[in-house]
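Here is the structure we will look at, set down as C-alpha coordinates.
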Amino acid sequence: DGVLETAVRAQEVSHLGYVGVDIVIHPEKGPMVLELNAQPGLQIQLANGAGLKKRLERVEDLEVADMEHGVKIAKALFAGRFENRKAVAEGIKTIGASEEIKVVSASKKRIKVAAKIDTGAWSSSIDKELAEELGLMDRENILWYGKKISAIGEERRPFIGVTFYIAGRKISTKMSVSNRKNLTYKVLLGRTDLQGFLVRPWISQK
(Lines give C-alpha, C1' and ligand atoms only; values in the text may rest on other atoms or scores of the structure.)
Protein backbone atom coordinates (compact mmCIF):
# COMPACT_ATOMS: atom_id res chain seq x y z
CA ASP A 1 0.00 0.00 0.00
CA GLY A 2 2.85 2.39 0.81
CA VAL A 3 4.17 2.44 -2.75
CA LEU A 4 0.73 3.05 -4.25
CA GLU A 5 -0.05 5.79 -1.72
CA THR A 6 3.27 7.48 -2.45
CA ALA A 7 2.53 7.42 -6.20
CA VAL A 8 -0.93 8.92 -5.66
CA ARG A 9 0.41 11.68 -3.40
CA ALA A 10 3.07 12.50 -6.00
CA GLN A 11 0.37 12.80 -8.66
CA GLU A 12 -1.71 15.06 -6.41
CA VAL A 13 1.10 17.55 -5.76
CA SER A 14 2.08 17.57 -9.45
CA HIS A 15 -1.48 18.57 -10.49
CA LEU A 16 -1.13 16.30 -13.53
CA GLY A 17 -4.17 14.24 -14.42
CA TYR A 18 -2.06 11.39 -15.80
CA VAL A 19 1.50 10.77 -14.67
CA GLY A 20 4.07 8.01 -14.41
CA VAL A 21 5.84 7.87 -11.04
CA ASP A 22 9.25 6.20 -10.78
CA ILE A 23 9.73 4.84 -7.25
CA VAL A 24 12.49 2.94 -5.47
CA ILE A 25 12.33 1.24 -2.07
CA HIS A 26 14.92 2.65 0.32
CA PRO A 27 15.96 0.08 2.99
CA GLU A 28 15.40 2.61 5.78
CA LYS A 29 13.16 5.37 4.40
CA GLY A 30 10.78 3.16 2.43
CA PRO A 31 9.23 4.29 -0.91
CA MET A 32 11.04 7.26 -2.50
CA VAL A 33 10.11 9.12 -5.69
CA LEU A 34 12.86 9.40 -8.31
CA GLU A 35 10.97 11.32 -10.97
CA LEU A 36 7.56 12.10 -12.47
CA ASN A 37 6.83 11.49 -16.16
CA ALA A 38 4.12 13.68 -17.69
CA GLN A 39 3.97 11.44 -20.79
CA PRO A 40 4.75 7.84 -19.75
CA GLY A 41 4.68 5.19 -22.44
CA LEU A 42 1.71 2.88 -22.88
CA GLN A 43 3.67 -0.16 -24.01
CA ILE A 44 5.27 -2.91 -21.93
CA GLN A 45 6.59 -1.66 -18.61
CA LEU A 46 9.93 -2.92 -17.30
CA ALA A 47 8.68 -3.26 -13.72
CA ASN A 48 5.83 -5.67 -14.33
CA GLY A 49 5.92 -6.68 -18.00
CA ALA A 50 2.42 -5.24 -18.53
CA GLY A 51 1.23 -2.41 -20.74
CA LEU A 52 -0.73 0.60 -19.47
CA LYS A 53 -3.22 1.02 -22.33
CA LYS A 54 -5.51 -1.88 -21.39
CA ARG A 55 -5.29 -0.93 -17.72
CA LEU A 56 -6.35 2.63 -18.46
CA GLU A 57 -9.30 1.33 -20.47
CA ARG A 58 -10.43 -0.78 -17.50
CA VAL A 59 -10.55 2.22 -15.15
CA GLU A 60 -11.77 4.80 -17.65
CA ASP A 61 -15.36 5.03 -16.32
CA LEU A 62 -14.65 4.44 -12.65
CA GLU A 63 -15.29 7.21 -10.14
CA VAL A 64 -12.56 7.40 -7.49
CA ALA A 65 -13.59 9.06 -4.24
CA ASP A 66 -10.16 9.55 -2.68
CA MET A 67 -6.66 8.11 -2.41
CA GLU A 68 -7.66 5.17 -0.20
CA HIS A 69 -10.47 4.26 -2.60
CA GLY A 70 -8.10 4.48 -5.59
CA VAL A 71 -5.55 2.21 -3.92
CA LYS A 72 -8.27 -0.37 -3.17
CA ILE A 73 -9.37 -0.34 -6.81
CA ALA A 74 -5.78 -0.72 -8.06
CA LYS A 75 -5.13 -3.68 -5.77
CA ALA A 76 -8.40 -5.36 -6.71
CA LEU A 77 -7.86 -4.97 -10.45
CA PHE A 78 -4.14 -5.42 -10.87
CA ALA A 79 -2.50 -7.14 -7.87
CA GLY A 80 -4.02 -10.58 -8.44
CA ARG A 81 -1.62 -11.51 -11.23
CA PHE A 82 1.37 -11.54 -8.89
CA GLU A 83 -0.50 -13.32 -6.12
CA ASN A 84 -1.40 -16.03 -8.61
CA ARG A 85 2.24 -16.52 -9.58
CA LYS A 86 2.94 -17.29 -5.94
CA ALA A 87 -0.04 -19.63 -5.84
CA VAL A 88 1.17 -21.53 -8.88
CA ALA A 89 4.59 -21.88 -7.29
CA GLU A 90 2.94 -23.56 -4.30
CA GLY A 91 1.72 -26.33 -6.58
CA ILE A 92 -1.32 -26.97 -8.74
CA LYS A 93 -4.33 -28.05 -6.70
CA THR A 94 -7.30 -29.95 -8.09
CA ILE A 95 -10.85 -28.80 -7.44
CA GLY A 96 -14.24 -30.00 -8.63
CA ALA A 97 -17.32 -28.45 -10.21
CA SER A 98 -18.38 -27.24 -6.77
CA GLU A 99 -16.32 -26.62 -3.66
CA GLU A 100 -16.90 -25.70 -0.05
CA ILE A 101 -15.11 -22.42 0.57
CA LYS A 102 -14.71 -20.28 3.68
CA VAL A 103 -15.62 -16.63 3.19
CA VAL A 104 -14.14 -14.16 5.67
CA SER A 105 -16.86 -11.96 7.18
CA ALA A 106 -16.47 -8.34 8.29
CA SER A 107 -15.93 -9.65 11.82
CA LYS A 108 -13.08 -11.88 10.53
CA LYS A 109 -15.02 -15.13 10.95
CA ARG A 110 -14.64 -17.84 8.30
CA ILE A 111 -18.08 -18.87 7.08
CA LYS A 112 -18.51 -22.08 5.09
CA VAL A 113 -20.29 -21.56 1.77
CA ALA A 114 -20.89 -23.88 -1.19
CA ALA A 115 -19.45 -22.30 -4.34
CA LYS A 116 -19.95 -23.13 -8.00
CA ILE A 117 -16.77 -23.34 -10.08
CA ASP A 118 -17.49 -21.75 -13.46
CA THR A 119 -14.56 -21.52 -15.89
CA GLY A 120 -16.95 -19.96 -18.41
CA ALA A 121 -17.27 -16.85 -16.25
CA TRP A 122 -14.50 -14.27 -16.18
CA SER A 123 -15.08 -12.85 -12.70
CA SER A 124 -16.63 -14.10 -9.47
CA SER A 125 -19.92 -13.07 -7.89
CA ILE A 126 -21.66 -13.36 -4.53
CA ASP A 127 -25.31 -13.28 -3.50
CA LYS A 128 -26.48 -9.92 -2.16
CA GLU A 129 -28.23 -11.36 0.90
CA LEU A 130 -25.18 -13.44 1.82
CA ALA A 131 -22.88 -10.42 1.38
CA GLU A 132 -25.15 -8.40 3.68
CA GLU A 133 -25.22 -11.17 6.29
CA LEU A 134 -21.42 -11.28 6.28
CA GLY A 135 -21.21 -7.51 6.69
CA LEU A 136 -19.45 -7.07 3.34
CA MET A 137 -21.84 -4.47 1.95
CA ASP A 138 -20.58 -1.61 4.09
CA ARG A 139 -19.93 1.50 2.05
CA GLU A 140 -16.17 1.37 2.61
CA ASN A 141 -15.99 -2.17 1.19
CA ILE A 142 -17.81 -1.26 -2.05
CA LEU A 143 -15.05 -0.72 -4.61
CA TRP A 144 -17.15 0.58 -7.50
CA TYR A 145 -20.33 0.02 -9.48
CA GLY A 146 -20.12 -1.58 -12.89
CA LYS A 147 -22.36 -2.78 -15.72
CA LYS A 148 -22.93 -6.52 -15.98
CA ILE A 149 -24.66 -8.42 -18.77
CA SER A 150 -26.84 -11.23 -17.44
CA ALA A 151 -29.79 -13.35 -18.56
CA ILE A 152 -32.16 -10.52 -17.59
CA GLY A 153 -30.19 -7.93 -19.54
CA GLU A 154 -27.81 -5.15 -18.52
CA GLU A 155 -27.73 -4.12 -14.87
CA ARG A 156 -25.59 -2.00 -12.56
CA ARG A 157 -23.92 -4.05 -9.83
CA PRO A 158 -21.64 -3.14 -6.94
CA PHE A 159 -18.22 -4.77 -6.74
CA ILE A 160 -16.93 -5.55 -3.26
CA GLY A 161 -13.73 -6.84 -1.74
CA VAL A 162 -13.94 -10.48 -0.64
CA THR A 163 -11.41 -12.79 0.99
CA PHE A 164 -12.02 -16.53 0.97
CA TYR A 165 -10.22 -19.83 1.42
CA ILE A 166 -10.42 -22.69 -1.07
CA ALA A 167 -8.45 -25.95 -1.00
CA GLY A 168 -6.27 -24.54 1.76
CA ARG A 169 -5.40 -21.41 -0.22
CA LYS A 170 -6.29 -17.83 0.73
CA ILE A 171 -7.56 -15.57 -2.05
CA SER A 172 -8.36 -11.87 -1.78
CA THR A 173 -10.38 -10.66 -4.73
CA LYS A 174 -13.26 -8.55 -5.96
CA MET A 175 -16.75 -9.93 -6.63
CA SER A 176 -19.83 -8.48 -8.24
CA VAL A 177 -22.92 -8.57 -6.05
CA SER A 178 -26.03 -10.11 -7.61
CA ASN A 179 -29.32 -11.72 -6.68
CA ARG A 180 -28.60 -15.46 -6.43
CA LYS A 181 -31.47 -16.07 -3.99
CA ASN A 182 -33.11 -18.78 -6.09
CA LEU A 183 -29.87 -20.42 -7.18
CA THR A 184 -28.21 -23.42 -5.52
CA TYR A 185 -24.88 -21.69 -5.06
CA LYS A 186 -24.58 -18.30 -3.36
CA VAL A 187 -21.04 -17.82 -4.69
CA LEU A 188 -19.77 -18.30 -8.22
CA LEU A 189 -16.02 -18.44 -8.82
CA GLY A 190 -14.79 -17.30 -12.23
CA ARG A 191 -11.48 -17.66 -14.04
CA THR A 192 -9.76 -14.70 -12.40
CA ASP A 193 -9.82 -16.54 -9.06
CA LEU A 194 -9.04 -20.03 -10.38
CA GLN A 195 -5.46 -19.57 -11.58
CA GLY A 196 -3.22 -22.17 -10.01
CA PHE A 197 -6.05 -24.73 -9.84
CA LEU A 198 -6.88 -27.69 -12.07
CA VAL A 199 -10.66 -27.93 -12.46
CA ARG A 200 -11.99 -31.46 -12.91
CA PRO A 201 -15.79 -31.29 -13.45
CA TRP A 202 -16.20 -35.06 -12.96
CA ILE A 203 -14.94 -35.04 -9.37
CA SER A 204 -17.75 -35.80 -6.91
CA GLN A 205 -19.40 -32.56 -5.93
CA LYS A 206 -19.51 -31.65 -2.25
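The figures here come from the full heavy-atom set of this structure, side chains too, leaving out hydrogens, waters and symmetry mates. Fair warning: this is a prediction, and the values are worked out from it, not measured in the lab.
- Heavy-atom minimum distance, Thr163 versus Ser172: OG1-OG, 3.1 Å.
- Taken from CG in Leu183 to OG in Ser178, the straight-line distance is 8.0 Å, to the nearest 0.5 Å.
- Taken from CD1 in Ile117 to OH in Tyr185, the straight-line distance is 9.0 Å, to the nearest 0.5 Å.
- Taking 4.5 Å as the limit, some side-chain heavy atom of Phe197 sits within range of a side-chain heavy atom of Ile166.
- The stretch residues 7-17 participates, sequence neighbours left out, in no side-chain hydrogen bond (donor to acceptor under 3.5 Å, both in side chains) pair at all.
- Hydrophobic cluster membership differs between Leu194 and Leu188, with clusters built from Ile, Leu, Val, Met, Phe, Trp and Tyr side chains linked at under 4.5 angstrom.
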Leu143 and Lys72: CA distance, side-chain angles, deciding distance, side chain to side chain contact (heavy atoms under 4.5 Å, CB included) verdict: CA-CA 7 Å; Leu143 301 171; Lys72 281 186 177 181; 3.7 Å; yes
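- Within 6.0 Å of the CD atom in Glu35, the count of heavy atoms belonging to other residues, nucleotides or ligands exceeds 12.
- Within 6.0 Å of the NZ atom in Lys116, the count of heavy atoms belonging to other residues, nucleotides or ligands does not exceed 12.
- Cluster annotation: Val3 and Val33 are assigned to the same hydrophobic cluster (Ile/Leu/Val/Met/Phe/Trp/Tyr, side-chain heavy-atom contacts under 4.5 Å, transitive).
- His69 contributes atom NE2, which lies 11.5 Å from atom CD of Glu140 (distance to the nearest 0.5 angstrom).
- You'll find the side chain of Val187 reaches within 4.5 Å of the side chain of Met175, heavy atoms only.
- Taken to the nearest 0.5 Å, the NZ atom of Lys174 stands 12.5 Å off from the CD1 atom of Ile160.
- In this structure, Pro31 and Thr6 approach most closely via the heavy-atom pair CB-OG1, 3.6 Å.
- Phe164 and Ile111 fall within the same hydrophobic cluster, defined by Ile, Leu, Val, Met, Phe, Trp and Tyr side-chain heavy atoms under 4.5 Å apart, directly or through other members.
- In this structure, Arg157 contributes its side chain and Gly146 its backbone to no donor-acceptor pair below 3.5 Å.
- Partners of Tyr165 by side-chain contact (heavy atoms from CB on, under 4.5 Å), not counting sequence neighbours, listed by chain and number: Lys102, Val104, Arg110, Lys170.
- Met137 places a side-chain heavy atom less than 4.5 Å from the side chain of Pro158.
- The closest donor-acceptor contact from the side chain of Arg169 to the backbone of Gly196 lies under 3.5 Å.
- How far CZ of Arg180 is from NZ of Lys128: 15.0 Å, rounded to the nearest 0.5 Å.
- To the nearest 0.5 angstrom, Ile101 atom CD1 is 10.0 Å from Ile95 atom CD1.
- A chain of hydrophobic side-chain contacts below 4.5 Å, direct or via other Ile, Leu, Val, Met, Phe, Trp or Tyr residues, connects Ile25 to Leu36.
- In the hydrophobic clustering of this structure, Val177 groups with Leu136; members are Ile, Leu, Val, Met, Phe, Trp, Tyr whose side-chain heavy atoms approach within less than 4.5 Å, directly or through other members.
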For Asp127 and Asn179: C-alpha separation, side-chain torsions, deciding distance, then whether side chain to side chain contact (heavy atoms under 4.5 Å, CB included) applies. CA-CA 5 Å; Asp127 178 62; Asn179 181 6; 4.1 Å; yes
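- Judged as a ring-ring contact (aromatic ring centres under 6.0 Å, His included), the pairs with a partner in residues 116-144 (not counting sequence neighbours) are, in order, Trp144-Phe159.
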